[in-house]
Protein chains: 2
Amino acid sequence: MKNKANRSGCPISSMLDIFGDKWSLLIIRDMIFSDKNTYGDFLKSDEKIATNILASRLLVMEENGVIKRLEHPDSKAKVLYVLTGKGIDLLPVLLEIQFWSDKHLSVSTEIRALLKEAKKDREKFIKTKTKELKRRFDALVILPHQAPNS
Amino acid sequence: MKNKANRSGCPISSMLDIFGDKWSLLIIRDMIFSDKNTYGDFLKSDEKIATNILASRLLVMEENGVIKRLEHPDSKAKVLYVLTGKGIDLLPVLLEIQFWSDKHLSVSTEIRALLKEAKKDREKFIKTKTKELKRRFDALVILPHQAPNS
DNA sequence: AAAAATCACTTGCAAATCAAAAGTAATTAT
DNA sequence: ATAATTACTTTTGATTTGCAAGTGATTTTT
C-alpha cells in the first residue's frame, strides 16, 4: 500500500486522496455512530466489505493519523481501533453527507428522525457528540497501560 | 455504465454509491468554485482526469440528477454542464471537507483565507453562494431556448 | 490438556476499473 | 478547403477489487 501523493494543493483533492473510495468513510461511520472498534465489528456491517480491502483501508487511515491501533483490553487476539482527534473531526463531514442524502435520496424513517434532531441544533449536536467520542476513546487509550492482571 | 444498486439503506453508503471515488466531487468542486462547465474545462484541472473517466463520471452524475447536459449557447460543438439543485446542495459537504482539510492537512494561504471567511458565517455563506449558483444555472437553462440566430 | 473456535489478517486469482494514448466525428475558425 | 477545437470512444496494459481459501496467534470449550 503506497502513500498517496497529493494530486494537487486543493483541500478537497487532498481529502479524497485518503477517503475517496466507497469504504473508508463507512468504517469511520461505524466507529462514530455504531461504536464499532474491531476488525470483526467492521466485517459485520451491512455493506459486507472484503477482508483484504478492510485491512488495506485500516492501514491507510492509520498511516494518515485518522485512527490508532491499540491492544484490546479484553483479549490479546483482538485489536482495538480508535479514532484520533483528526478522525473524530470527520463528524461534520459525515453529518452533511447524511443531510444531503436525507434531502435527495431515500432514507429510513428512523435515521431521518435522528438527522432531524441533529439538524435542529447542529452546533450543539456536533459539540456534544465530539466530546462523547473524545471521552470514549481517551478512556480506551489510557486503560491498556494499567496492567490488567498482576 | 450500470446504475449502482444501493448497498444498504444507509445515507452515507448511498451517497458514496454515487460520489465514492477520487474524481466526482472534484468535478462538482470545479462547477461550484471555478465556474467550469464544459468537458474541456474539467480536463484542464490540476488533477488531470483521464478523458474516459471524465465521460463516465459525467454520465453517472447526470443519471443521478446531480448535473444536466445542455447545449452550449456559444457553440454547437460544446456541451454545457450545469448543476441541478441536487448538485448545488453538495456545497455544505464540500465546505466541511475543506474545513477538515484546512485543520488537519496543509492548505495554501489563499484558500485558507477564503475558508476562514466562509467559516465566520457559515450559514450566510452557504445561502449566498447557493443563490448565486441557482441564478447562474437558471440563466443558462433558460437562455438556449431563445433562438440565438434567426 | 487437546480440540474447536475466534480473531486479525494474507494470499491467490478472476473480474472490474483505471490511466494513457490514440482515434473519431461533429462543429468552428482561417 | 484545411486546420483546429470539442466531446467524446476505443484500445491496451496496469492497478484495484471482490471472493474464497488459507494462516498463525490466541481463547474457549470439552
Side-chain angles (χ1 to χ4, degrees), chain A residues 1-5 7-8 13 16-27 30-31 36-63 67-82 140 144 148-149, chain B residues 1-5 7-8 13 16-27 30-31 36-63 67-82 140 144 148-149:
Chain A
M1 217 35 55
K2 278 154 237 157
N3 237 347
K4 26 229 91 267
R7 287 175 296 171
S8 76
S13 166
L16 292 174
D17 283 338
I18 306 175
F19 298 103
D21 72 279
K22 294 201 188 305
W23 298 107
S24 303
L25 285 179
L26 295 184
I27 298 171
D30 285 348
M31 298 180 85
K36 300 192 177 181
N37 45 32
T38 67
Y39 191 90
D41 285 345
F42 303 134
L43 286 181
K44 282 176 211 133
S45 289
D46 283 348
E47 292 87 2
K48 302 290 163 210
I49 186 169
T51 57
N52 54 347
I53 306 292
L54 175 56
S56 140
R57 293 303 177 275
L58 288 170
L59 183 60
V60 169
M61 291 198 288
E62 196 199 349
E63 286 172 348
I67 61 174
K68 257 188 196 164
R69 276 173 52 102
L70 300 174
E71 20 179 298
H72 199 289
D74 294 355
S75 156
K76 274 191 189 172
K78 289 190 182 179
V79 173
L80 191 75
Y81 290 98
V82 300
L140 293 172
N149 42 6
Chain B
M1 220 36 53
K2 279 153 234 158
N3 239 345
K4 30 231 83 265
R7 286 174 296 171
S8 75
S13 168
L16 292 174
D17 284 337
I18 306 174
F19 298 104
D21 72 279
K22 294 201 189 305
W23 298 107
S24 303
L25 286 179
L26 294 184
I27 298 171
D30 285 347
M31 297 179 85
K36 299 192 177 182
N37 46 33
T38 67
Y39 191 89
D41 285 345
F42 303 133
L43 286 182
K44 281 175 212 134
S45 289
D46 284 347
E47 292 87 3
K48 302 291 167 212
I49 187 170
T51 57
N52 54 347
I53 306 291
L54 175 57
S56 140
R57 293 304 175 273
L58 288 171
L59 183 58
V60 169
M61 291 197 289
E62 195 199 350
E63 286 171 348
I67 61 174
K68 258 189 195 163
R69 277 173 52 100
L70 301 173
E71 22 181 295
H72 199 288
D74 294 355
S75 156
K76 274 190 190 173
K78 290 189 182 180
V79 173
L80 191 75
Y81 290 98
V82 300
L140 293 172
N149 43 5

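Numbered from 1 within each chain, the chains take letters A, B, ... in sequence-line order.
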**Q** Please determine whether side chain to side chain contact (heavy atoms under 4.5 Å, CB included) holds for the pair A:R57 and A:F42, giving the CA-CA distance in whole Å, both sets of side-chain angles, and the decisive distance to 0.1 Å.
**A** CA-CA 11 Å; A:R57 293 303 177 275; A:F42 303 134; over 6 Å; no
**Q** Is a salt bridge present between B:D21 and A:K22, judged by a nitrogen-to-oxygen distance below 4.0 Å?
**A**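 The answer is no: the pair does not qualify as a salt bridge.
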**Q** Given atom CD1 of B:I49 and atom C1' of D:dA7, what is their separation to the nearest angstrom?
**A**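 The answer, rounded to whole Å, is 14 Å.
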**Q** Is A:R57 close enough to D:dT17 that one of its side-chain N or O atoms is under 4.0 Å from OP1 or OP2 there?
**A**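 True: A:R57 side-chain N/O within range (under 4.0 Å) of D:dT17 OP1/OP2.
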**Q** Which whole-number value in Å describes the distance from B:I53 CD1 to C:dA21 P?
**A**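 Going from CD1 in B:I53 over to P in C:dA21 covers 14 Å.
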**Q** Over how many whole Å does the gap from B:D17 atom CG to D:dT17 atom C1' extend?
**A**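 That distance rounds to 15 Å.
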**Q** Roughly how many Å is it from CG in A:L26 to P in D:dT17, rounded to a whole number?
**A**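 Going from A:L26 (CG) to D:dT17 (P), I get 14 Å.
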**Q** When you measure from the side chain of B:D41 to the backbone of B:T38, do you find a donor-acceptor pair of N or O atoms at a distance under 3.5 Å?
**A**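 Flag set: sc B:D41 to bb B:T38 pair under 3.5 Å.
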**Q** Could you state the atom-to-atom distance from NZ of B:K76 to C1' of C:dT28 in whole Å?
**A**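 Going from NZ in B:K76 over to C1' in C:dT28 covers 12 Å.
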**Q** Taking NZ in A:K48 as the centre, count heavy atoms belonging to other residues, nucleotides or ligands within less than 6.0 Å. Is the count above 12?
**A**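 Yes, enclosed.
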**Q** Taking the side chain from A:S45 and the backbone from A:E47, do they hold a donor-acceptor pair closer than 3.5 Å?
**A**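 No.
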**Q** Which parts of nucleotides 4-11 of chain C does protein reach within less than 4.0 Å, heavy atoms only, written one letter per nucleotide 5' to 3' as B for base, S for sugar-phosphate only and - for none?
**A** ---SBBBB
**Q** To the nearest Å, give me how far apart CG (B:D21) and P (C:dC18) are.
**A**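 Whole-Å distance recorded here is 7 Å.
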**Q** Test your reading of the model: is there a side-chain donor-acceptor pair from A:Y39 to the backbone of A:T51, 3.5 Å cut-off?
**A**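 Between the backbone of A:T51 and the side chain of A:Y39 there is a qualifying donor-acceptor contact (under 3.5 Å).
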**Q** Once you round it to whole Å, what is the distance between C1' of D:dT17 and CG of B:L16?
**A**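 B:L16 atom CG is separated from D:dT17 atom C1' by 16 Å.
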**Q** If I take atom CG in residue A:L54 and atom P in nucleotide D:dC19, what distance separates them, rounded to the nearest angstrom?
**A**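 For the pair A:L54 CG and D:dC19 P, the rounded distance is 14 Å.
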**Q** For A:W23 and D:dT17, is the shortest distance between a side-chain N/O and OP1 or OP2 below 4.0 Å?
**A**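 So the side chain of A:W23 is outside the cut-off, no N or O lying under 4.0 Å from OP1 or OP2 of D:dT17.
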